[in-house]
Asks: 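Have a look at this one.
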Amino acid sequence: MHRRYFPEDFIWGAATASYQIEGAYNEDGKGESIWDRFSHTPGKILNGDTGDVACDHYHRFREDVKLMKELGLDSYRFSISWPRVLPEGKGQVNEKGLDFYKQLVDQLLKAGIDPAITLYHWDLPQALQEKGGWANRDTAKYFVEYANLIFKELGDVVPLWITHNEPWVVSFPGHAFGEHAPGIKNYQTALQVAHNLLLSHGMAVQSFRQLGLPGKIGITLNLTPVYPFSDNEADQKACDLQDAFINRWFLDPIFEGSYPEELHQIYRKKVGEFIIKNDDLEIINQKIDFLGINYYLRLVVKHNPDYNIFGVETVKPEGREYTEMGWEVYPEGLYDLLIRLHKDYAPEALYITENGAAYQDQIDADGRVHDQKRIAYLKAHLKNAHRAIEAGVPVKGYYIWSLMDNFEWAFGYSKRFGLIYINYDNQQRILKDSAYWYRTIIAKNYIED
Ligand SMILES: OC[C@H]1NNC[C@@H](O)[C@@H]1O
Ligand SMILES: [Ca+2]
């Protein structure tokens, strides 16, 4: 067996997000979020599930930190619920909400676990949505005020900061396809949202620098390598367009200060303009300390003129494995993605801020969850991350999605991604076999393939 040792200081982590695990959706002064509103709207979420209780992490966080310590995590990535600390999105601070996060960070530090904070993981205060939400440029300003509040409270003890989680998902499923909160179906709005999210990212990084904080700051993007169905010209072109749609539309402004021109032209023709002001792109093009990557799957595409505004159809290759999300298991895609990012954008550092899989988990007669498929998935992706590190890509850490089963957005609780199984009837936590496997990987700092 070949041992792949990771760098001595490699960070082994796990990730969650506020709306997906906290519950206590209206407790201790927390304001409503757009996901509270969306999940309370009939027909939006599978089985009518909501995040009202979720994993009850708001009350059980001490127990959960103990489990993180049992796994030996170096770091824990979580998000802050903006409306829990600023119920109206701006102005009056909810001290009890702020207190929850201060206690959580304190428990983590006591357990020797580095907090990694995502400032925005989709739960916008509903009060701001009433004023247009991310389609309103003012929300960028309110985001920086919110970020500054958190920077001032926790900036001296938290080493890793992520402004946004997956702005592509916030923009398109949220504002073009209507599948995510706030459930808007308007492509032009989605483009304005994407721009304002990027603008708020740049403004928050500038503010972080001005505060002179000791930590590192970056952004997390869902990045999906795209492959052509055939090597004919039309399919290759479709591939380039899909790559621009998902990946470059965010990577280019952040790293190069410009939008992909060809796609911008298509949008101008087929969708309409969105407002970019004078030095917006300069603000967005702030130097960041690392790029966060959420990797799950690859896409295979072919040209189909009447499929969508790009004429790009995604196809599902035969004979491949798929997770419960219908996502192709393609570990080599992580290697290809890391090599491409290093070549095309050369981020100073990269963290895999999410990687994981949903499978049909159940508790066996022995009271355990034998999630062998998840172990195989994680091991294959770690192997490919290691291949990229050997090729010189500065990958500094790996966060599994997710620490625990949780509210999987429009799929509710039907999709389980956790290392820890949650019994939603009694909130019992059960370490899956993958949790025990991960604990040994962290302890040994190598995988064997
Ligand atoms: O779909 C799995 C995960 N993907 N990235 C964002 C997270 O909130 C999701 O649960
Ligand atoms: Ca270590």
Side-chain angles (χ1 to χ4, degrees), residues 4-22 33-35 38-39 45-46 49 51 54-55 57 69 71-75 77-81 112-114 118-124 162 164-174 179-181 219-224 246 292-297 322-329 351-359 374 377-378 381-382 386 389 395-419 422 438-447:
R4 290 178 176 273
Y5 281 90
F6 283 77
E8 258 318 293
D9 55 357
F10 192 76
I11 300 293
W12 297 97
T16 64
S18 43
Y19 188 77
Q20 297 180 268
I21 66 166
E22 287 180 359
S33 78
I34 58 173
W35 270 95
F38 195 69
S39 70
I45 311 295
L46 192 63
D49 288 345
C55 308
H57 179 72
K69 186 168 172 54
L71 298 184
L73 297 186
D74 294 319
S75 179
R77 175 182 175 232
F78 62 98
S79 77
I80 289 183
S81 167
I113 299 169
D114 280 345
T118 308
L119 287 166
Y120 188 74
H121 200 124
W122 306 359
D123 39 3
L124 185 74
I162 294 162
H164 282 285
N165 179 77
E166 302 180 350
W168 182 89
V169 179
V170 176
S171 308
F172 296 97
E179 296 153 358
H180 278 195
I219 187 171
T220 277
L221 302 177
N222 55 293
L223 296 172
T224 306
I246 297 184
I293 304 164
N294 289 357
Y295 177 77
Y296 288 94
L297 69 154
Y322 294 85
T323 70
E324 283 302 298
M325 296 295 281
W327 296 346
E328 183 185 347
V329 180
Y351 286 88
I352 297 165
T353 38
E354 286 180 30
N355 176 241
Y359 284 116
R374 181 170 291 105
Y377 178 100
L378 296 171
H381 286 82
L382 279 171
H386 188 269
I389 293 171
V395 182
K396 301 296 180 190
Y398 177 82
Y399 292 80
I400 290 180
W401 185 269
S402 176
L403 173 71
M404 64 180 87
D405 296 337
N406 58 54
F407 179 84
E408 180 52 33
W409 309 112
F411 292 100
Y413 298 100
S414 67
K415 306 297 179 194
R416 293 179 179 273
F417 277 89
L419 292 170
I422 301 288
Y438 196 45
R439 180 170 62 180
T440 60
I441 300 302
I442 296 170
K444 297 186 299 188
N445 208 40
Y446 65 78
I447 57 169

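Atoms considered below: every heavy atom in the structure, side chains included; atoms not considered: hydrogens, waters and symmetry mates. When a ligand or atom number is given, it counts from 1 through the structure's own listing order.
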Asks: Should one rank Glu408, Met325, Lys415, His180 by closest heavy-atom distance to atom 2 (C) of ligand 1, which comes out on top?
Replies: Glu408

Asks: So, for Phe10 and Tyr398, is the gap between ring centers shorter than 6.0 Å?
Replies: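 Centroid distance Phe10-Tyr398: not below 6.0 Å, so no.
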
Asks: Can you confirm, on distance only, whether ligand 1 has an N/O atom lying under 3.5 Å from any N/O atom belonging to Trp122?
Replies: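 Not met; the criterion fails.
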
Asks: Establish, yes or no, whether a centroid distance under 6.0 Å links the rings of Trp401 and Tyr399.
Replies: no

Asks: Does Glu354 approach ligand 1 within less than 4.0 angstrom via side chain, backbone, both or neither, non-hydrogen atoms only?
Replies: side chain

Asks: Using a 4.0 Å cut-off to any heavy atom of His121, which atoms of ligand 1 qualify?
Replies: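 Listed by number with element, the hits are 6 (C), 7 (C), 8 (O).
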
Asks: By number and element, which atoms of ligand 1 are closer than 4.0 Å to a non-hydrogen atom of Tyr296?
Replies: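 Answer for ligand 1: 2 (C), 3 (C), 4 (N), 5 (N).
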
Asks: Does any part of the side chain of Asn355, heavy atoms only, come nearer than 4.5 Å to the side chain of Leu378, both counted from C-beta?
Replies: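 They are in contact (side-chain heavy atoms under 4.5 Å apart), so the answer is yes.
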
Asks: Between Phe38 and His180 (judged by ring centroids, cut-off 6.0 Å), do the two rings come close enough to count as a pair?
Replies: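 No.
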
Asks: Measure from the ring center of His121 to the ring center of Tyr19 and say whether it is less than 6.0 Å.
Replies: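 His121 vs Tyr19: aromatic centres not under 6.0 Å.
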
Asks: Yes or no on side chain to side chain donor-acceptor pair (under 3.5 Å) for Asn165 and Asn222, after CA distance, side-chain angles and deciding distance?
Replies: CA-CA 8 Å; Asn165 179 77; Asn222 55 293; over 6 Å; no

Asks: Could you list which atoms of ligand 1 come closer than 4.0 Å to a heavy atom of Glu166?
Replies: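 Per the distance check, 4 (N), 5 (N), 6 (C).
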
Asks: Tell me the contacting part of Trp327 for ligand 1: side chain, backbone, both, or neither, using a 4.0 Å heavy-atom threshold, strictly below.
Replies: side chain

Asks: In ligand 1, which numbered atoms sit nearer than 4.0 Å to a non-hydrogen atom of Gln20?
Replies: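 The list of qualifying atoms is 7 (C), 8 (O), 10 (O).
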
Asks: Considering distance alone, does some N or O of Trp409 sit under 3.5 Å from an N or O of ligand 1?
Replies: yes

Asks: Let's go through Arg416 and Glu408 carefully: what are the C-alpha distance in whole Å and the side-chain angles of both, what is the deciding distance for salt bridge (charged side-chain N to carboxylate O under 4.0 Å, His left out) to 0.1 Å, and is it a yes or a no?
Replies: CA-CA 8 Å; Arg416 293 179 179 273; Glu408 180 52 33; over 6 Å; no

